[in-house]
> 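Quick one: the structure is below, and I'll ask about it shortly.
Chain A is the first sequence line, chain B the second, and so forth, proteins listed ahead of strands; every chain is numbered from 1.
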Amino acid sequence: MAVEEQPKGAVVVPTTSAVEARGLTRRYGEGETAVDALRGIDLDVRSGELVAVMGPSGSGKSTLMHILAGLVKPTTGTVQIAGTEITGLDDSRLTRLRREHIGFVFQFFNLLPMLDAEENVVLPLSIAGEKPDKAWLDSLLSQMGLAERRKHRPAELSGGQQQRVAIARSLVTRPTILFADEPTGNLDSKTAGEILELMRASVDAYGQTTVMVTHEARSAAIAHRILFLEDGLIVKELHDASQQDVLAVMNSLGT
Amino acid sequence: MIRVALRGMARRKLRTALTAIAIVLGVALITGTYVLTDSIKGAFGGIFTQVYRGTDATVTGKSAFTLSGQNNTTAPPFAESLLPKIRQLPDVADAVGGVGGNAHLILDGKVVHFGGAPNLGFSVDPKRPVLNSLKLVDGKWPGANQVVIDEATAHKKHLQLGQRIGVQASGPTLRMTISGLVHFGGASSLGGATLSGFNLPTAQQLFQRVGKLDQVRAKAKTGVAPAKLAAEIRAILPPHTQVRTGQAQAKEDAKDTDSFLNFLQDFLLAFGGIALFVGSFVIANSLSITITQRTRELATLRTLGASRRQVRRSIVIEGLAIGAIASVAGIGVGLGLGVGLFKLFDAVGFTLPNNGLVLHQRTVIVALIVGILVTVLASLRPAFRATRVPPIAAVREGSELPPGRFAKYRPIGSTLLTVLGFGLLIYGLFAHGLGTKGVLLSMGVGTLLIFLGVALLAARFARPLAWVLGAPATRFGGAAGALARDNARRNPQRTASTASALMIGLALVTLVSVMAAGITKSFRGAVNDLWVSGYAVTAQNNFDPIPIAAGNAAARTPGVQAIANVRGGDAQIFNGVHQATAVGPGAAQIFNMTWLDGGSNAVFSKLGAHGAFVDKGFAKSHHLTIGSPVQLTAPTGKGVALHVIGIFDPPTGGSPFGPVTISDTAWDKIYDTPQNLYSFVRMRGGETDAAEAALVNQLKAFPNAKVQTKKQFVDNQISGLNAILNVLFVLLALSVIVSLFGIINTLVLTVFERTRELGMLRAIGMTRRQVRRMIRAESVITALMGGVIGIVLGLILGGLLAARIDFIVFALPWVQVVIFGVAAVIVGLVAAIFPARRAGKLNVLEALQYE
């Protein structure tokens, strides 16, 4: 897939923090049976960065992403997205935030089955009552290799194509930050590889800040930075690592 | 978001259709009601105007007071001598006098009647057809001892011109020849009523109006306005008469029909409302279940930035769309239902006139508004529930909806609602000084709240109730049965919501049965208490009065020991209009009265010219004791001064006597054309075949009189009640059908929801048949739950009503209760047919992989 130049009119974002988290903890339950999913996380995600969050199950990686994305409130700590403190926001302000600043890619695609591919892609804009810029939409769709499949319903698309629709959907509003939750979890390895390439290409082409949660070394390897979680704390960080590097760290953590 | 809502509906066509049907039937009944009553009004509408078309002014008798309309009493006639006086007035072009009343056609010794429709007769003036009510369509106007008959009746009974037929009104049967066929006004059918026309002298003889008239119709000379003519006539009117313009008279005559039709309309609309109410439960339930199943989709929309309001609106839009579709469909079905209602009433002997179906614009508008409104209202609660879906549910699988902010108030809230409902109901029943509208409103709203409250509360009983009701399934249904019971208990709220729709229908049919059983029991008890033994003579339709001559003839039957002829009608007493009755001394040997203040049956012989006895309630409300003076005025304006010589305590179920009773001789002096309501006869030897045969033989000249044993009398008087009961059951059945669709809907949705689970069960070895059995058992448990709660509620409501209404005792209709229980089971089985088959047909592999 050819990666095009940044489309006209795109805003070049200066390298500042897109996401800032301080002192995040998350406790479930009370007293004796309480579970601490996160025990104190600080992190910054710079603009244009692709950060992978890795860890074994129970490490708290999903919880971390959910908190960063504003889906769950932390027990203590704060999160800032694009300079706005989100942990104290009420529902309607959070909703507005989601429209403008947050994009999602889910493991199970989460497409609306009654809409076709194009309608799914522009859904965040329709919800906000806005019309998509035609040139932007066309370029995005062809970037994702969906030009031929615009009018097809999800039932008529393969898993890989559905995830591409989902990625396009998450990019269409050019959000401040894109959260991806196990994006290749439901795909075969060949398709997974294509999707990963596409995601990295989007980061490079559009400067799209992305936080990805994954347990697959191959997926993490496309990231600029990889954070390793264990028992609710960040225990290691890698930069521009290869798949082997990631696997080595994973093994060392497992013991 | 609108697109999402509508496209989603289009995708789930079957489920949308099943949900929509809930509203279709209610809207159909409302449409059908309007079509029915509008059609009848259309048939009637022109009639009276047509009848009085050529008439500019009418003179009729005037009651001394406003009649109640409930007691077969009519305005008194006036002297024939008024007619020539009217004819001599300068502006009168022509005038004709007429008489009329109930006239029964007798064919082969039997009365010609169609159901309970009236048998009417009028006089016609062959020389002045323009002033007649009837219009000749075949043959000739009648001469002496001739009759013209309405074409519809002649057609139904194959009557020919020149045929001999009997006619009976207030006296013995007269034999006449059919000279022609007629229509009334412009109508060819008045729904089963028989009409006969006679010339004036014959009519006067028939209706015992010799020398008198019931009506004069006058035509004005050209250029004279009807109002002017009426004024002229008014100047020469004797007392107890009144004059109106022709059109005013037409309106007056139409009033009774109109008020009856309005009552019928309101009555039927109420049942349409009930069906819609049940439908709203079904809609709310279906939408709730659908939302639970679309949790991930709704959550995804929230993560994409949809606000709570947008989510809520999309559900309401779905409700709106369903409402619109259902209402349109309902209007279509309603037209068919209109025809069905005609046939229903016909089947119970209540033929209504029909001149073709009429669909007014108003009907379509009301049906649409009501259908859409109910659906939107029902969608509100699910819409609010949908807003509780948190965005995090997009990533988590099988997440449950968090309880709403008010969830913890639910048990208290629903209890309060139920208590409030009972409070309103009891207030409506027992409070003093409420008008009819106030009572009905209180009771109606109270019952509505009770249903809502119990439906909400039912979730708490659902678990233990399902445990009990599901015990047979567990015992006899094997693993499938046990699973069915567990499934019903798994989501008690959903089971309860589904069952609640059926609960409403069954509560109402139980209530109706309790009322009917109560009326029957108290009436039977009253007859047994009061009437020693013997035979009763009433009209064929158990309601109309019969000629005094019949009573007199019966008195002459060989073997008669005593006879009590009871007359009745409106009377003005103490500035109020009450029912008054009259009876002869023979009553002392017929009735077992409970006299107060030391009275005895001697009272009957002491009535004389100025004696009266009253019932306990009347004495109390008017502060009467033995010796108190009572002034009674008949509609003729004639009155009699009475004093109380006895006070009796009537049994709960009533008595043949009204609040005030005088002697028959006193009655006949002040009432015009007195007739008997019933005659009670005591024969030597009691009830024997010989005695009965003797009576029947004696009354051969009165084909409209019917001889009955005590048991037959009770059954006949109650038969009208049974007819009404059947109509009520059929109308309520519609609500039960709506709830049946509700159960189907829930089952289809839950089968869909449990696809993977069903696949797993099949994969581990459950057969298709066992799966079907499981679904069926679950359906029956749900239906039985609705049945049990409904029946219990109906019994409670019935008990409350019986406590309030004087003439009803509480009687448990055991047979009906069992039938309703069985009906609930059948509803459950029928509802399960389609979903069970679907569940059985699931492809195991696909089901396991279902997302």
> Can you tell me which portion of A:Pro175 sits under 4.5 Å from chain B's heavy atoms? Options are side chain, backbone, both or neither.
neither

> Has B:Arg460 got more than 12 heavy atoms of other residues, nucleotides or ligands less than 6.0 Å from its CZ?
no

> Would you mind telling me which of B:Glu297, B:Arg309, B:Gln310 has the largest number of heavy-atom pairs within less than 4.5 Å of chain A?
B:Gln310

> Give, for atom CZ of B:Arg294 and atom CG of A:Leu112, the distance between the pair rounded to the nearest 0.5 Å.
9.0 Å

> For the interface with chain B, which of A:Thr95, A:Leu94, A:Leu97 has the highest count of heavy-atom pairs at distances below 4.5 Å?
A:Thr95

> Need one label for A:Arg153: side chain, backbone, both or neither, based on atoms under 4.5 Å from any heavy atom in chain B.
side chain

> Could you tell me the separation between the CD1 atom of B:Ile2 and the OG atom of A:Ser126, rounded to the nearest 0.5 Å?
11.5 Å

> Taking everything shown except B:Arg838 itself, do over 12 heavy atoms lie less than 6.0 Å from its CZ?
no

> In terms of heavy-atom proximity below 4.5 Å to chain B, should A:Arg96 be classed as side chain, backbone, both, or neither?
neither

> Give a yes or no on whether a salt bridge exists between B:Arg302 and A:Asp91, defined as a side-chain N under 4.0 angstrom from a carboxylate O.
yes

> Going from CG on B:Leu304 to CZ on A:Arg99, what distance comes out if it is rounded to the nearest 0.5 angstrom?
10.5 Å

> Minimum heavy-atom separation for B:Pro391 and A:Leu71, please, with both atom names.
CB-CD2, 3.4 Å

> Short question: side chain of A:Arg98, backbone of B:Thr303 - any donor-acceptor pair under 3.5 Å?
no

> Side chains of A:Glu119 and B:Val4: closer than 4.5 Å at any heavy-atom pair?
no

> Which heavy atom of A:His66 sits nearest a heavy atom of B:Val395, and at what distance?
NE2-CG2, 3.5 Å

> Can you tell if the side chain of A:Met114 reaches within under 4.5 Å of the side chain of B:Met9, non-hydrogen atoms only?
no

> Quick one: of A:Val72, A:Leu111, A:Asp181, A:Leu123, who has the most non-hydrogen atom pairs under 4.5 Å with chain B?
A:Leu123

